[in-house]
Amino acid sequence: MKAAIYCRLSEEDRNKQFEDQDSNSIQNQKAMLLQYAMAQQWEVYNIYSDDDYTGSDRNRPEFQRLLHDAEQRKFDIILCKTQSRFTRELELVEKYIHGLFPLWGIRFVSIVDNADTANKGNKKSRQINGLVNEWYLEDMSENIRSVLTNRRENGFHIGAFALYGYQKDPEQKGHLIVDEEAAAVVREVFILFSQGYGKTAIARMLNDRGIPNPTEYKRLHGLRYQQPKRKNSTLWKYFAIADMLENEIYIGNMVQGKYGSVSYKTKQNKPRPKSEWYRVEGTHEPIIDRELWDRVQTILAQRAKPFSGGSIGLFARKVRCANCGYTMRSSKNRGRHYLQCSNRHVAKDACIGSFIAVDKLEHIVIDELNRLSAEYLDKDELERNLEFCNDLKSQQKRLQDSLAAYQKKIGEYAKGIQELYMDKVKGIVSEQDYIDMSASFSAEKDRLQQLAEHTQHQISQLDARMEEGDHRKAIVEHYAHLDHLTREMVEALIDYITVGKRVPGTQDIPVEIHWKF
C-alpha cells in the first residue's frame with residue numbers, strides 16, 4: 001500500500017526558526033506520520049507540505065497537487081495528523097473524504113482524531129469533526145473581524161503594507177511614521193500637479209530621473225510590498241499618481257476599509273461604499289499640508305469632467321493596448337477624439353504606444369459588425385439552427401449535471417438529519433449537539449435547494465429558447481447596416497477591444513474585437 005503524507009501549518013501557530021525552513025511543527029508532523037506509516041508497513045509515496053496556509057484556503061499549492069495525484073491514483077492512502085490539517089470545511093469533507101476519494105479508491109486516515117474511511121462506523125464522527133472545524137473557522141473569522149473593526153475605528157493602521165511615504169512605527173503597533181526619502185517624492189508630486197503638470201507628465205519626469213516607483217522602492221529598501229502583476233512594474237504610471245493625489249493618509253487621516261471580504265471561506269474582496277469606510281483624522285504626522293492638499297483637490301475637481309460634452313465616451317473602459325494590456329485613455333486634439341495607451345508617455349520603451357482615432361475605431365467596428373451580419377444572415381437556416389441547438393444542448397447538459405449533483409447532496413443531508421435524530425433518541429448525540437448539527441445540516445440543505453431551484457429555472461429558460469429557435473438572427477438584423485454607434489450599442493455588443501500600433505508605411509491599425517454574442 002502506498003501512502004501520501006499531508007502536513008499543514010497555519011500562520012497563527014507558526015513557529016519558524018528561519019524563513020527558508022519548514023516550521024518545527026511541520027517537522028514534527030512529518031516525523032509522527034512517517035513513524036505511523038512504517039508501523040503499518042505502508043510505502044510512503046510522497047510528502048506534501050503546506051506551511052503558513054489556513055485550513056479554509058482551497059488554493060494551497062501542495063493541497064492541490066495532492067488532490068491531482070489522488071485523482072491519478074498514484075497512491076492508495078492519504079495520511080494526516082488530524083482531519084482539520086486536510087481541511088476545516090465541511091463542504092470539502094463531504095466532497096473529497098466521503099465523495100471523490102472512495103470513487104478514486106483512496107483511503108483517508110488521520111491518526112489523532114481516529115478518522116479512517118476504511119471504518120464505515122466512524123463516518124458520523126468525521127462529519128461532526130467537519131462541522132466543529134467549520135464552526136471554528138466562522139467563530140475565528142468573526143473574532144478577527146471584530147478586533148480589526150475596533151482597531152480601524154480607533155485609527156490604528158492594520159494593513160500588511162505601509163503606504164508609500166510612510167513606514168510602520170517599530171515602537172508603536174498600528175502607528176505610521178514618515179519615511180523622509182519617499183515623502184520628498186510625494187511632496188514633489190503634489191507640488192508639480194498644483195503647478196499645472198498632468199499625471200502622465202509627472203510619471204514621465206520621475207521615470208526619466210530614475211526614481212523607483214513605490215513597489216520598487218520598497219523592494220530596494222527591504223520593506224514589505226505587494227508583488228506587482230503587470231509588465232514594467234518598476235515604472236511610475238498614471239494611476240499611481242492619481243491614487244496618490246486623492247489619498248487622505250498624506251494629510252494625517254487614517255482611511256481604511258475600502259474593500260471587504262466576500263466570505264470567511266475566500267480571500268476575495270469587493271469594494272465597499274465610501275459611507276462604510278473607516279476614517280479617523282489626525283492619527284499620524286502629515287506629509288502634505290492642508291493648503292497644498294486643498295489646492296490639489298480643487299484642480300482635480302475642475303478636471304473631472306465627463307467626456308464629450310457631458311456624456312460618457314463611446315468606447316470608455318472598453319479598449320485595451322494590445323502590447324501592455326492597459327486600458328487606453330481618451331484625449332482630444334483640434335476637436336477630434338483619440339484613444340491612446342498612457343504607457344507610451346511614462347518612460348522610454350515602456351510600451352509600443354497604441355493610438356487610434358475614436359471615429360476610425362467606430363468605422364472599424366461598424367464594418368466588422370456589418371460583415372458578420374451579412375455572413376450570418378446568408379447562412380442556411382438549417383445550418384444556423386444546428387449550430388445554435390448544439391451550443392444550447394451542451395449548456396443544458398452542464399446544467400442537468402449540476403442539478404443532479406445538488407439533488408444528490410440534498411438527499412444526503414436529509415438522510416443525515418434523520419440519522420442524527422435516531423442518534424439523539426439512542427443517546428449517542430446530546431440534545432444540544434443534535435440541535436446545533438441539525439440546524440447546520442438544514443441550512444446547507446436549504447442552500448442546495450435554492451441552487452437546485454435556480455438551476456431548474458435556467459434549464460426551463462434554455463428549453464424555451466430551444467423551442468423558440470435561434471434569436472440571434474433578430475439581434476444581428478437589429479444592428480445590421482449601421483451608420484453610427486451609441487454607447488448603449490457598445491455596452492450591448494462588445495466585451496472589449498484590443499488595439500495595436502499602426503503598421504509602418506500604411507494606415508492600418510491592428511484591431512481585435514471581442515463580441516458578447
Side-chain angles (χ1 to χ4, degrees), residues 1-8 28-50 55 62-63 66-137 405 408-430 432-434 436-438 440-441 444-445:
M1 301 288 284
K2 290 184 180 180
I5 289 176
Y6 179 73
C7 308
R8 179 186 65 80
N28 291 339
Q29 286 181 51
K30 289 178 181 177
M32 176 191 298
L33 297 172
L34 282 169
Q35 185 177 6
Y36 185 87
M38 290 173 62
Q40 301 298 318
Q41 296 184 340
W42 294 339
E43 176 188 345
V44 175
Y45 170 76
N46 201 355
I47 298 177
Y48 303 80
S49 175
D50 282 315
E62 288 293 277
F63 178 74
L66 173 77
L67 295 178
H68 177 268
D69 289 350
E71 187 175 6
Q72 301 299 315
R73 277 86 164 171
K74 292 183 178 181
F75 44 78
D76 309 294
I77 300 166
I78 292 177
L79 182 61
C80 300
K81 178 183 175 183
T82 62
Q83 182 176 298
S84 64
R85 295 294 164 180
F86 178 75
T87 182
R88 287 191 180 276
E89 292 190 68
L90 179 60
E91 181 182 347
L92 294 191
V93 171
E94 292 299 317
K95 178 178 180 180
Y96 289 106
I97 296 180
H98 297 151
L100 292 174
F101 286 172
L103 292 176
W104 297 341
I106 302 293
R107 176 183 174 188
F108 179 85
V109 178
S110 59
I111 59 179
V112 173
D113 48 10
N114 297 314
D116 187 348
T117 53
N119 181 358
K120 298 186 182 298
N122 69 8
K123 180 177 180 180
K124 292 188 183 68
S125 67
R126 294 194 298 272
Q127 290 175 323
I128 291 171
N129 282 341
L131 188 59
V132 171
N133 287 323
E134 185 89 21
W135 289 339
Y136 169 81
L137 278 179
K408 180 182 177 183
K409 282 293 182 184
I410 290 168
E412 290 175 357
Y413 276 106
K415 184 179 179 182
I417 293 170
Q418 291 176 350
E419 291 176 348
L420 275 174
Y421 178 76
M422 294 305 298
D423 287 346
K424 185 197 76 147
V425 172
K426 295 175 183 177
I428 299 174
V429 176
S430 69
Q432 188 58 50
D433 285 344
Y434 168 73
D436 292 338
M437 286 187 288
S438 62
S440 177
F441 283 8
E444 185 64 17
K445 179 168 162 283

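What you see is a predicted model, and the numbers here were worked out from it, not measured in a lab. Positions are given from 1 along the sequence.
- Of all the heavy atoms in Lys445 and Ala414, the pair that sits closest is CE-CB, 3.8 Å.
- Pairing each heavy atom of Ala37 with each of Val44, the nearest pair is CB-CG2, 4.0 Å.
- Below 30°, between 30° and 60°, or above 60°: for Trp42 and Tyr36 the angle between ring planes is above 60°, a perpendicular geometry.
- Side chains of Ile77 and Phe101 form no contact here, defined as non-hydrogen atoms less than 4.5 Å apart.
- Atom NZ in Lys74 sits 11.5 Å away from atom CD1 in Ile106 (nearest 0.5 Å).
- With rounding to the nearest 0.5 angstrom, the SG atom of Cys80 is 9.5 Å from the CZ atom of Arg8.
- Distance NZ/Lys2 to CG/Asp69: 11.5 Å, rounded to 0.5 Å.
- The side-chain heavy atoms of Ile47 and Leu34, taken from C-beta on, include a pair separated by under 4.5 Å.
- Between Tyr96 and Phe63, the ring planes are perpendicular. Angles over 60° get that label, and only those under 30° would be called parallel.
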Note to self: Determine whether Tyr6 and Asp50 satisfy the following criterion, side-chain contact (heavy atoms from CB on, under 4.5 Å), listing intermediate values before the conclusion.
What the structure shows: CA-CA 8 Å; Tyr6 179 73; Asp50 282 315; 2.8 Å; yes
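- Here the closest heavy-atom approach between residue Gly99 and residue Pro102 is recorded as O-CD, 3.3 Å.
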Note to self: Checking Asp76 against Arg107 for the salt bridge (Lys or Arg N to Asp or Glu O under 4.0 Å) test, could you report, in this order, the C-alpha distance in whole Å, the side-chain angles of both residues, the deciding distance, and whether it holds?
What the structure shows: CA-CA 6 Å; Asp76 309 294; Arg107 176 183 174 188; over 6 Å; no
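- The OH atom of Tyr45 sits 10.5 Å away from the CG atom of Leu66 when rounded to the nearest 0.5 Å.
- Gln418 CD to Leu420 CG: the interatomic distance, rounded to the nearest 0.5 Å, is 10.5 Å.
- Residues Leu33 and Lys81 share a closest heavy-atom pair of CD2-N, 3.7 Å.
- Remark: Lys409 engages Glu412 in a salt bridge (Lys or Arg N to Asp or Glu O under 4.0 Å) (not counting sequence neighbours).
- Shown here is Gln40, whose CD atom has more than 12 heavy atoms of other residues, nucleotides or ligands within 6.0 Å.
- A pairwise comparison of heavy atoms in Gln83 and Phe108 identifies CA-CZ, 4.2 Å as the closest pair.
- Between Phe75 and Ile5 the shortest side-chain heavy-atom distance does not fall below 4.5 Å.
- More than 12 non-hydrogen atoms from other residues, nucleotides or ligands lie less than 6.0 angstrom from CD of Gln72.
- With a 6.0 Å radius and a threshold of 12 heavy atoms from other residues, nucleotides or ligands, Met1 has its CE atom above the threshold.
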Next item on the list: List the steps and the verdict of side-chain contact (heavy atoms from CB on, under 4.5 Å) for Ile97 and Phe86.
Entry: CA-CA 10 Å; Ile97 296 180; Phe86 178 75; 4.0 Å; yes
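- We find the CZ-OG1 distance between Arg88 and Thr82 to be 7.0 Å, quoted to the nearest 0.5 Å.
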